[in-house]
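See structure below.
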Amino acid sequence: MTKVKPVGPIPIGYEALDGELSIGGFKASILVAQHGSPLFVYSQSHLNRRMDKLRSAMPRELDIHYAMKANPFEPLLSHMIGLVDGIDIASGGELAIALQAGASAEKISFAGPGKRDQELKLAIDAGVTINIESPTECDRALFIGAAAKTRPKFAVRVNPDFDLKGSGMKMGGGAKPFGMDIELVAPTVKRIMAANAEWHGFHIFAGSQALEADSIIETQAHTLDLAFRLSSEIGQPPNHVNLGGGFGIPYFPNDEAVDIEKVGAALKAQFSKLPKIMSQTQFAIELGRYLVGEAGVYLTQIVDRKESQGQTFLVTDGGLHHQLAASGNFGTVIRRNYPAVIASHYTAEATETVSIVGCLCTPLDRLSDQAAMPKANVGDIVAIFCAGAYGATASPANFLGQGPAKEIFVE
Ligand SMILES: *Cc1c(COP(=O)(O)O)cnc(C)c1O
């Protein structure tokens, strides 16, 4: 007998139709019959529900931005543009996609280390806010901005002196390629103002994928305090402070969803006692996976069922070239199972232990390891959840000549 390993929690809101998983009102088998396999399916109603829940938990005056690197699929992005207050981009390529999808330039902010001159120029000409990540980037941006038709808008990205505890990916605290160290911030802001560019405020991002409300609350308090210290040093109120984000989603067994009401209540309390220098400041958070991660499902069809030394393998036509993170090869130390089901037998009881693998000729290509599943055969469909963020675009689609999966946006 093989040891059964648990799978992650299935996100709420995924119902059954005739015993099958349904997404946006369509059965998995119908979606695959119409669009082929493998297939990413993103659900609009899921996005709307998530956004409603977040808005009602957060302070009314807080802006919510979408960090589009989580999922830039155009129909999804267009929909998100209508739901959020800002779009955060991290490359000239994303700028083009965001504008194409209907984002207005005033609502776009551009972060990321290593912005090329050409990207800075495109962003300044478009009227996008640039989050300046170093004094030398500031020099380049001011030089390019001086020749531009519009007055450039620059915020300063700060490398905070703390990090988001329990965060899956730390992006602050200690030596980092992101943002600038605290002592460089005030001199840089003064140079921006002296050059008659618009100083938009601060961007302070301390980490990603945190599930503990208390960690997020503590980080937000530290972030507000840091923004206050820097504003006092500069002697000018910031128009805008981006407080970062970092709200995670449950991927693995025992992960629990962020207590968003608790985070929102704590932020409301913080906002009620802001120091005078920030009393007119507009605050924002920027989220990627929290907004879109659970709205996506990856469907892949079983092409072979085989036994090896007492273990059963379900071999699918998908794999890590579309879902690198689910295979455990994107920022995880120990491989654990993402939420996965046999979508074509969604409501059936688990009767066997199987490993679900991809079609790539590498042992890394494992979508679910020794999981308890209902009996499945060739032609059945596997669903991997939490596929709405860092799936299609954060996976090596060209590996082994496979190519990208189709993506669709449904009700
Ligand atoms: C990647 C990134 C985000 C989004 O992170 P999620 O974990 O998807 O919420 C937000 N802000 C910045 C600066 C980022 O680099």
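Numbering of ligands and ligand atoms starts at 1, following listing order. These numbers come from the heavy atoms of this one structure, side chains and all, not from hydrogens, waters or symmetry mates.
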Practice item. Would you kindly check if the NZ (Lys) or CZ (Arg) of K406 is within the cone defined by 45 degrees around the ring axis of F40 and under 6.0 Å from the six-membered ring centre? Key: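 Ring-cation test returns no.
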Practice item. Check whether NZ of the Lys or CZ of the Arg R289 lies under 6.0 Å from the centre of the six-membered ring of F247 and within 45 degrees of that ring's axis. Key: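 No, R289 does not sit over the ring of F247.
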Check your understanding: Between the side chains of Q402 and H322, is a donor N or O closer than 3.5 angstrom to an acceptor N or O?
Key ->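 No, no side-chain donor-acceptor contact under 3.5 Å.
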Review point. Without hydrogens or angle criteria, can the side chains of N239 and H200 be said to hold a donor-acceptor pair below 3.5 Å?
Key: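 Judged by distance alone, the side chains do not pair up.
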Practice item. Can you sort out which atoms of ligand 1 are near S208, meaning under 4.0 Å from one of its heavy atoms? Key: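 Reading through ligand 1 atom by atom, the close ones are 5 (O), 6 (P), 7 (O).
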Exercise for review: Classify the contact between A67 and ligand 1 as side chain, backbone, both or neither, using a heavy-atom distance cut-off of under 4.0 Å.
Suggested key: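 Looking at A67 and ligand 1, just side chain atoms fall under 4.0 Å.
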Review point. So which bit of Y390 gets within less than 4.0 Å of ligand 1, heavy atoms only: side chain, backbone, both or neither?
Key: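 Just the side chain.
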Practice item. Would you indicate which of G293, A70, G288 comes nearest to atom 9 (O) of ligand 1 when only heavy atoms are counted? Key: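 Heavy atom nearest to atom 9 (O) of ligand 1 belongs to G288.
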Exercise for review: Sequence neighbours left out, what pairs pass salt bridge (charged side-chain N to carboxylate O under 4.0 Å, His left out) with at least one residue falling in residues 11-20?
Suggested key: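 Of all non-adjacent pairs touching residues 11-20, those that pass salt bridge (charged side-chain N to carboxylate O under 4.0 Å, His left out) are D18-K27.
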Point to revise | salt bridge (charged side-chain N to carboxylate O under 4.0 Å, His left out): pairs with one or both residues in residues 188-216, sequence neighbours excluded | key: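 Sorted pair list: D139-R191, D214-K262.
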Using a 3.5 Å cut-off on N or O atoms only, is [X] in polar contact with ligand 1?
X: A111; result: no
X: H203; result: no
X: R157; result: no
X: K69; result: yes

Review point. Looking at the rings of F205 and F178, which for Trp means the six-membered one, are their centres under 6.0 Å apart?
Key: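 Distance test on ring centres: not under 6.0 Å, no.
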Practice item. Tell me, please: is F205 in heavy-atom contact with ligand 1, that is, under 4.0 Å? Key: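 Within the 4.0 Å threshold, so yes.
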